[in-house]
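Report on one structure; see the data block that follows.
Small disclaimer: the values here were computed from a predicted structure and weren't measured. The chain is numbered in sequence order, starting from 1.
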Amino acid sequence: ITDCYEMSLVADPTQQLDPDSATPRQRIEFLTAHQPAASESPSVASTCSSSCVFLSASFFHLMQIFSTGDSGPVYFMDIIEDMVYVKDVAAGTYLTSATLANFSNRPLLHTMTITYGPSGSIQFAITDSQTGAAVLSFSKSGGIGSDGTYLKFGMYRATYSGEPSIK
């Protein structure tokens with residue numbers, strides 16, 4: 001990994017607002033190119049998040065696989081209070097989870113291979129990039145969006161009073 005970017009959201013719920021949202025939300029994300037069904041896309045990213053306390057039960061997305069053909073997310077990785085969850089949106093189930101403490105103040109390596117489309121698959125793992133210790137992983141076959149599916153990663157949250165700043 002050669003390029004490094006720092007992302008942050010401020011603690012003020014009236015700042016850094018997503019202009020296209022009907023409700024107050026803060027967003028800073030990277031998006032990959034839209035992929036047609038049956039295409040395969042390997043991804044690797046490295047992160048190091050600051051320690052913080054989440055007091056909200058509202059959503060805080062760290063990653064989404066979004067399908068324009070299905071007009072919404074297929075999977076997302078969310079922080080809710082002191083846990084990190086990966087959710088299969090169509091099934092309405094959580095595929096895996098880990099404590100937020102496992103994500104804070106340590107260098108993490110995210111690896112993912114996605115084959116998009118109705119016969120798709122996903123393999124996703126997060127490990128500590130220094131020790132190799134597993135933090136979170138899942139694998140699933142089946143519908144991974146339709147045409148125009150892409151990966152978004154970064155920070156996207158519903159705002160609330162008392163929210164922390166995030167880096």
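- Of the possible donor and acceptor atoms, none in the side chain of T96 sits under 3.5 Å from a partner among the backbone N and O of F138.
- Side-chain atoms of V89 and V74, non-hydrogen and from C-beta on, never get closer than 4.5 Å to each other.
- H61 and F76 have tilted rings, their planes meeting at an angle from 30° to 60° on a 0 to 90° scale.
- Atom CG of N102 is separated from atom OG of S97 by 10.0 Å, given to the nearest 0.5 angstrom.
- Looking at heavy atoms from C-beta onward, Y75 lies in side-chain contact with K140 at the 4.5 angstrom threshold.
- Residues R157 and I166 have side chains in contact (heavy-atom distance under 4.5 Å, counting atoms from C-beta outward).
- Within the 4.5 Å cutoff, no side-chain heavy atoms of M63 are placed close to those of H110.
- A chain of hydrophobic side-chain contacts below 4.5 Å, direct or via other Ile, Leu, Val, Met, Phe, Trp or Tyr residues, connects F153 to F60.
- Between I65 atom CD1 and Y150 atom OH the span is 12.0 Å, to the nearest 0.5 Å.
- By the rule that hydrophobic residues join a cluster once side-chain heavy atoms approach within less than 4.5 Å of another member, M112 and F66 end up as members of separate clusters.
- The shortest side-chain heavy-atom distance between Y85 and M83 falls under the 4.5 Å cut-off.
- Side-chain atoms of F30 and M7, non-hydrogen and from C-beta on, do get closer than 4.5 Å to each other.
- The backbone N or O of V10 lies less than 3.5 Å from a partner atom in the side chain of Q16, making a donor-acceptor pair.
- Rounded to the nearest 0.5 Å, atoms OG (S139) and CZ (F124) are 12.0 Å apart.
- The CG atom of D18 lies 7.5 Å from the CZ atom of R25; values are rounded to the nearest 0.5 Å.
- Applying the side-chain contact (heavy atoms from CB on, under 4.5 Å) criterion to P13, with sequence neighbours excluded, gives T159, E163.
- Using modelled atom types, no side-chain atom of Q15 and backbone atom of Q26 make a donor-acceptor pair closer than 3.5 Å.
- Rounding to the nearest 0.5 Å places OH of Y116 at 5.5 Å from CG of L151.
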* Would S67 and D70 count as a side chain to side chain donor-acceptor pair (under 3.5 Å) if you check the C-alpha gap in whole Å, the side-chain angles of each, and the deciding distance to 0.1 Å? -> CA-CA 5 Å; S67 173; D70 297 326; 3.1 Å; yes

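- At distances below 3.5 Å, not a single donor-acceptor pair connects side-chain atoms of Q130 with backbone N or O atoms of D128.
- The CZ atom of R106 lies 5.5 Å from the OG1 atom of T131; values are rounded to the nearest 0.5 Å.
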